[in-house]
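Here the structure is a predicted model, which is why all the values come from computation and not from measurement. Atoms within each ligand, like the ligands themselves, are counted from 1 in listed order. This chain uses plain numbering: 1 for the first residue, then up along the sequence.
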Amino acid sequence: MSVHDGARAPRVPVSFELYPPRSAESAAALHATIDALAAVSPRFLSVTFGAGGSSGGSSLELLRHIRSYTSVEPLAHLTCVGNTYAGATALIREFLDAGITSFLALRGDPPLSGDSGIGDLESAAQLVQLIDRVQAERAPYRESTIPGLPGAARVDSRPRVQIAVAAFPNGHPRSRHPLEHIDALLAKEAAGATFAITQLFFHADDYFCFVERARTAGVTIPILPGFMPITSPQRLRRVLELSGEALPSDLAIDLDVEPTAEGRREVGIRHASRLAAELVAGGAPGIHLYAFNNHDTVLAVLREAEIIPSIPEQEFAR
Ligand code: FAD
């Protein structure tokens, strides 16, 4: 790492979520976005799975691109809903064969209509266990040579995959009781999860109170706050619909009174950067931003929160 690279390094680990492109034109634009995001040295770039009609194939193609053209760790979301045990095992093998060793294990949402059911795996915790088991079967241990002893080998424990899981600061919308999401997180940690990424939330207190409740219940893995800059009332409505979160009235009012698209973008960046700065000040282990396949808004958030330096994007991309 050069001195110049050090000056560019983020103040806390940052990471971004992307989704597979839906057309050749959007793939080209996404590749430029990946270059711009990679230039700020994120800890990982995650790629959604199954959401919005994407398939394992399109996720894997994007993960391969990240692996081939950047030095950033690609992290694969995997869902188990609707899949058989054998199908999920084959899918995990395919990702491992492509060199992917970081995962976000999710249950996924069962379809609202139809009777296809939840599949063989009923929860994310079971998928965490399966990923760990499939990787153990492929690489039960690692051998290294011993200098000065030709033919001799030392057996080291196997390299572990990183398995993230989802966490819900304000509860999961389908939880049957208020602490069910904390029980689910405990189960995911017991199954082998190495860290958690949160569902979006709007206020730092939501995150810190949740982390405190999780720690009291016995959760010890790092909990990475995940959120996004929201730059229009339409996008706010859509993410509330998808996440089941309550309306953040402060952000909703600020977006509603702003007459121009540029003004609404600034509102979104201001709210998200304030949240990022409060999270970092309170000791969050990093910042994970849902990038919506666009780099300038999320990078503006990190610059305004003083998490990355204010170097123009052209400089970063060089
Ligand atoms: P689990 O941990 O198995 O359970 C989640 C919660 O559901 C538990 O907290 C519990 O309260 C409740 N619950 C568990 N079992 C039941 C039950 N039988 N009945 C009722 N409630 C129950 N989805 C995608 O399709 N693709 C993605 O790429 C994707 N990425 C995501 C990334 C992040 C960071 C987050 C937070 C979510 C993502 N999701 C994605 C959405 C996720 O699949 C849904 O939120 C899903 O409903 C729960 O998944 P889980 O892994 O948390 O499940």
In terms of heavy-atom contacts, Ser175 and Glu180 come closest through CA-OE1, 3.1 Å
Contact atoms of ligand 1, heavy-atom distance to Leu104 under 4.0 Å: 32 (C)
Would Leu60 and Ile100 count as a side-chain contact (heavy atoms from CB on, under 4.5 Å) if you check the C-alpha gap in whole Å, the side-chain angles of each, and the deciding distance to 0.1 Å? CA-CA 9 Å; Leu60 192 51; Ile100 307 303; 4.2 Å; yes
From the candidates His77, Gln126, Arg107, the one that places a heavy atom nearest atom 13 (N) of ligand 1: Arg107
Any idea which part of Glu122 is under 4.0 Å from ligand 1, heavy-atom wise: side chain, backbone, both or neither? neither
Those atoms of ligand 1 less than 4.0 Å from some heavy atom in Gln199: 36 (C)
Fit a plane to each ring of Tyr19 and Phe292, take the angle between them on a 0 to 90° scale, and name the class: parallel (under 30°), tilted (30 to 60°) or perpendicular (over 60°). perpendicular
Within less than 4.0 angstrom of ligand 1, does Gly108 place any heavy atom? yes
Atoms of ligand 1 less than 4.0 Å from His181 heavy atoms? 9 (O), 11 (O)
Using a plain distance cutoff, I'd like to know if Thr198 has any nitrogen or oxygen under 3.5 Å from a nitrogen or oxygen of ligand 1. no
Whether Glu212 and Arg215 form a salt bridge (side-chain N of Lys/Arg under 4.0 Å from carboxylate O of Asp/Glu) is what I want to check. no
Could you tell me whether the side chains of Thr48 and His77 share a donor-acceptor contact shorter than 3.5 Å? no
Could you tell me which atoms of ligand 1, counted from 1 in the order shown, lie closer than 4.0 angstrom to a heavy atom of Ser175? 10 (C), 11 (O)
side-chain contact (heavy atoms from CB on, under 4.5 Å) between Thr33 and Phe16: does it pass, once the steps are laid out? CA-CA 11 Å; Thr33 281; Phe16 304 100; over 6 Å; no
Would you check whether Thr79 has a nitrogen or oxygen atom less than 3.5 angstrom from a nitrogen or oxygen atom of ligand 1? no
Proximal atoms of ligand 1 relative to Tyr290 (non-hydrogen, under 4.0 Å): 34 (C)
Considering residues at least two apart in sequence or located in another chain, which fulfil the side chain to side chain donor-acceptor pair (under 3.5 Å) criterion with Asp254? His271
Parallel, tilted or perpendicular, judged at 30° and 60°: which one describes the rings of His31 and His65? parallel
Could you give me the CA-CA distance, side-chain angles and deciding distance for Gln126 and Ser123, then say whether side-chain contact (heavy atoms from CB on, under 4.5 Å) is met? CA-CA 5 Å; Gln126 292 177 14; Ser123 70; 3.7 Å; yes
By number and element, which atoms of ligand 1 are closer than 4.0 Å to a non-hydrogen atom of Thr48? 28 (O)
Check each atom of ligand 1 against the heavy atoms of Ala166 and keep those under 4.0 Å away; list them by number with element. 35 (C), 36 (C), 52 (O)
Is there a polar contact, in the sense of an N or O pair closer than 3.5 Å, between Ala167 and ligand 1? no
Can you list the ligand 1 atoms lying under 4.0 Å from a non-hydrogen atom of Ala184? 8 (C), 9 (O)
